[in-house]
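Below is one structure, written out as structure tokens; the observations come after it.
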Amino acid sequence: MEAQRELELKGIGVSPGIVAGPVLLLKSDDVPLPEYAISAEGVPREMLRLEAALIETRRQLNEIQRRVGEAMGSESAGIFEAHLHVVDDPSFVDEIYRDVREKKKNIEKILFEVAERYAQTLLQMEDDYLRERATDIRDVTRRILRNLAGGGGDLLAGLESPRVLVSRNIAPSEMAAFDRRKILGVVTELGSPTSHTAIMARAMELPAIVGMPGICGRMADGDRVILDGVRGILVLHPSPSREEDYGRIARSRAVIQKRLSGLKEEEAVTRDGHAVVLSANIEMPADVDAVWERGARGIGLFRSEYLFMAEAGDPGEERQYKAYAEVARRIMPESVIIRTLDLGGDKIAVAGKIQEDANPFLGWRAIRLCLDRPAMFKAQLRAILRASAHNPKLRIMYPMISNVGEVDRANALLEECKAELSASGMAFNPAIEAGVMIEIPSAALTADLIAPKVKFFSIGTNDLVQYTLAVDRGNDRIAHLYEPTHPAVLQLIRHTVEAGRRHGIWTGVCGETAGNPVLVPLLLGLGVDELSTSPGAVPLVKDIIRHIRLSEAQDLAEAVRGLSTGAEILGRCRALVRRVAPEILELAE
Ligand code: PEP
Ligand code: MG
């Protein structure tokens with residue numbers, strides 16, 4: 001057979017690593033929905049088909065629930081519980097049977113119609129919880145439809161060898177449910193470096209490329225590809241010489257990685273003796289292992305919303321307490337910053353936990369949602385406070401702060417929770433430190449007003465860049481405009497750090513820029529005290545810190561002050577890294 005022609009395609013590399021292997025095309029969006037008439041005699045057959053599909057769906061849901069439970073703790077696999085309820089709901093199934101008999105249509109068509117009727121009824125309800133169940137119904141219906149088509153509801157079921165997943169889009173919650181052993185890497189048409197799918201891929205140390213429009217149409221299941229997650233290159237049908245080249249690159253990167261792994265016990269200190277707090281971001285309690293393995297000093301950001309995304313709804317105080325206490329204990333004697341719920345934006349819980357906004361990133365997200373739902377917010381605050389009894393260095397952080405009033409209200413609720421816990425004799429650290437994320441320009445510009453009310457700032461560059469430059473962080477079409485080195489962004493970072501200093505509080509960065517070794521010297525030069533990044537990036541960031549002098553970083557920050565474009569500033573950052581640690585560039589870009 002004639003060898004197929006090699007094709008090199010370029011996207012945005014968002015999670016490093018080189019892998020080669022066969023493709024698995026995930027068509028999660030297009031659910032088969034055939035429609036045809038059946039005879040009266042055909043009715044029992046349709047019912048048997050539904051029965052078989054429901055059995056398979058139940059099996060898959062149990063299996064996924066088990067897997068998510070392993071990765072995130074059994075408490076967290078609750079979303080699938082809600083899906084199982086749908087499958088087991090006798091009135092739902094009865095209604096389908098009745099309609100098949102009466103309308104004499106195939107089971108797919110009837111199932112879809114009945115499910116939509118249910119979903120529409122639920123969407124009319126006053127009660128938020130019931131409205132949210134509509135998404136559960138739709139989700140599980142898609143799974144049953146896939147099973148009716150024989151396509152398999154568990155997208156990775158039956159895979160004998162691991163594959164490179166290629167899909168239009170993968171939700172962060174879907175990523176969380178994947179069995180890591182069955183995946184070599186991930187390629188999506190949509191997305192950008194700071195989309196939460198990309199963040200999730202880095203957390204799972206899964207090589208990934210996003211922003212490749214039309215890629216699904218260019219390949220077939222089983223096609224061999226090489227995925228280079230550093231440069232964002234996907235090679236389809238690689239030639240033997242290309243395989244050899246990549247083999248060489250992968251080996252040389254492995255040598256560098258081995259050297260980096262030797263830094264685990266080393267301090268993150270510059271050549272002129274400036275110590276940097278280098279911590280890690282986690283999404284799930286199970287990630288604590290990676291924090292230790294990669295040699296980070298504690299957890300600078302625990303994105304608590306993933307607990308909510310894995311649940312059928314609000315996990316409630318007890319489940320959260322267990323998860324936070326587990327993290328608090330396992331990270332001892334280091335610190336952990338638990339960020340309060342930041343749902344919204346692209347972090348819609350898997351079953352659409354929240355109402356859709358026309359502009360989700362500018363909408364009902366994070367602290368806004370929490371302040372509107374004080375009972376839910378207070379349950380989280382109490383859970384965090386109770387977990388603080390297990391680690392004196394457990395801190396709390398509010399996301400998406402845009403004005404001082406939000407900080408005041410959040411702090412007031414925190415005090416209320418402390419009083420309630422004291423009254424009921426529950427242990428907590430009364431001196432727990434609360435800080436805020438600075439990720440909205442208004443917060444950065446008014447950092448002087450916010451600082452007296454908090455103990456630290458953590459700059460969320462992922463959002464700060466998108467809100468400052470009006471560039472959707474998840475939109476691949478405008479990814480070239482998403483510039484962390486834009487002078488406006490740097491001014492806001494500088495302003496925040498200086499305001500923090502004036503009020504005697506420290507400033508960290510927990511956005512993805514903190515994990516980019518090319519940008520680390522600039523952040524340190526701007527006066528940032530702490531960096532928190534995905535665990536996988538910690539060794540590389542530590543390496544660059546150990547290769548530079550703080551004075552060089554400060555000179556860099558000073559030198560770029562007069563530059564007018566993000567590209568020029570990035571060029572200066574690269575030049576410094578190229579001079580002090582050229583090897584790092586090989587892994588970073
Ligand atoms: C950020 O915005 O930089 C951040 C760390 O938060 P998230 O990515 O979860 O929005
Ligand atoms: Mg953010």
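Numbering of ligands and ligand atoms starts at 1, following listing order. This structure is a prediction, so every number in the text was calculated from the model and none was measured.
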Under a heavy-atom criterion of less than 4.0 Å, does Glu512 contact ligand 1?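 Contact absent.
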
Consider ligand 1: state whether an atom of it lies below 4.0 angstrom from any non-hydrogen atom of Met400.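 Under 4.0 Å: no for Met400.
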
[atom2] on [Y] to [atom1] on [X], rounded to 0.5 Å:
{"X": "Glu433", "Y": "Arg395", "atom1": "CD", "atom2": "CZ", "answer": "5.0 Å"}
{"X": "Leu301", "Y": "Ser532", "atom1": "CG", "atom2": "OG", "answer": "6.0 Å"}
{"X": "Ile396", "Y": "Phe456", "atom1": "CD1", "atom2": "CZ", "answer": "9.0 Å"}

For ligand 1, which atoms have a heavy atom of [X] less than 4.0 angstrom away?
{"X": "Gly460", "answer": "1 (C), 2 (O), 3 (O)"}
{"X": "Leu301", "answer": "5 (C)"}
{"X": "Arg303", "answer": "4 (C), 5 (C), 6 (O), 7 (P), 8 (O), 9 (O)"}
{"X": "Ile199", "answer": "8 (O)"}
{"X": "Cys510", "answer": "5 (C)"}
{"X": "Arg365", "answer": "10 (O)"}

What do we get for Arg339 next to ligand 1 when only non-hydrogen atoms under 4.0 Å count, side chain, backbone, both or neither?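 Within the 4.0 Å criterion, Arg339 contacts ligand 1 through side-chain atoms alone.
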
Residue-level breakdown please: for Asp342 versus ligand 1, do any non-hydrogen atoms fall below 4.0 Å on the side chain, on the backbone, on both, or on neither?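 Asp342 to ligand 1: side-chain contact only, backbone stays beyond 4.0 Å.
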
Could you give me the CA-CA distance, side-chain angles and deciding distance for Arg561 and Glu558, then say whether salt bridge (Lys or Arg N to Asp or Glu O under 4.0 Å) is met? CA-CA 5 Å; Arg561 250 185 207 271; Glu558 226 15 71; 3.0 Å; yes

Assess Glu439: does it contribute an N, O or S atom lying under 2.8 Å from the Mg ion (ligand 2)?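 Yes, within the cut-off.
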
Please state whether the rings of Tyr324 and Phe302 are parallel, tilted or perpendicular, taking 30° and 60° as the class boundaries.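 Rings of Tyr324 and Phe302: perpendicular, as their planes differ by over 60°.
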
Are the charged groups of Glu266 and Lys542 less than 4.0 angstrom apart, N to O?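 Result for this pair is no, no salt bridge flagged.
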
Any salt bridge linking Glu205 with Arg294? Criterion: basic side-chain nitrogen under 4.0 Å from a carboxylate oxygen.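 Result for this pair is yes, salt bridge flagged.
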
Would Asp472 and Arg477 count as a salt bridge (Lys or Arg N to Asp or Glu O under 4.0 Å) here? Give the steps. CA-CA 10 Å; Asp472 179 343; Arg477 274 180 153 179; over 6 Å; no

Before you tell me yes or no, could you show the steps for Leu524 and Gln554 under side-chain contact (heavy atoms from CB on, under 4.5 Å), namely the whole-Å CA-CA distance, both residues' side-chain angles and the distance that decides it to 0.1 Å? CA-CA 7 Å; Leu524 298 184; Gln554 287 166 336; over 6 Å; no

Output yes when the distance from some N or O of ligand 1 to some N or O of Asn462 is under 3.5 Å, and no in every other case.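 It does: an N or O of Asn462 is found under 3.5 Å from an N or O of ligand 1.
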
Determine which of the N, O or S atoms in Asp463 is closest to the Mg ion (ligand 2) and give its atom name.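 The Mg ion (ligand 2) is closest to the Asp463 atom OD2, counting only N, O or S.
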
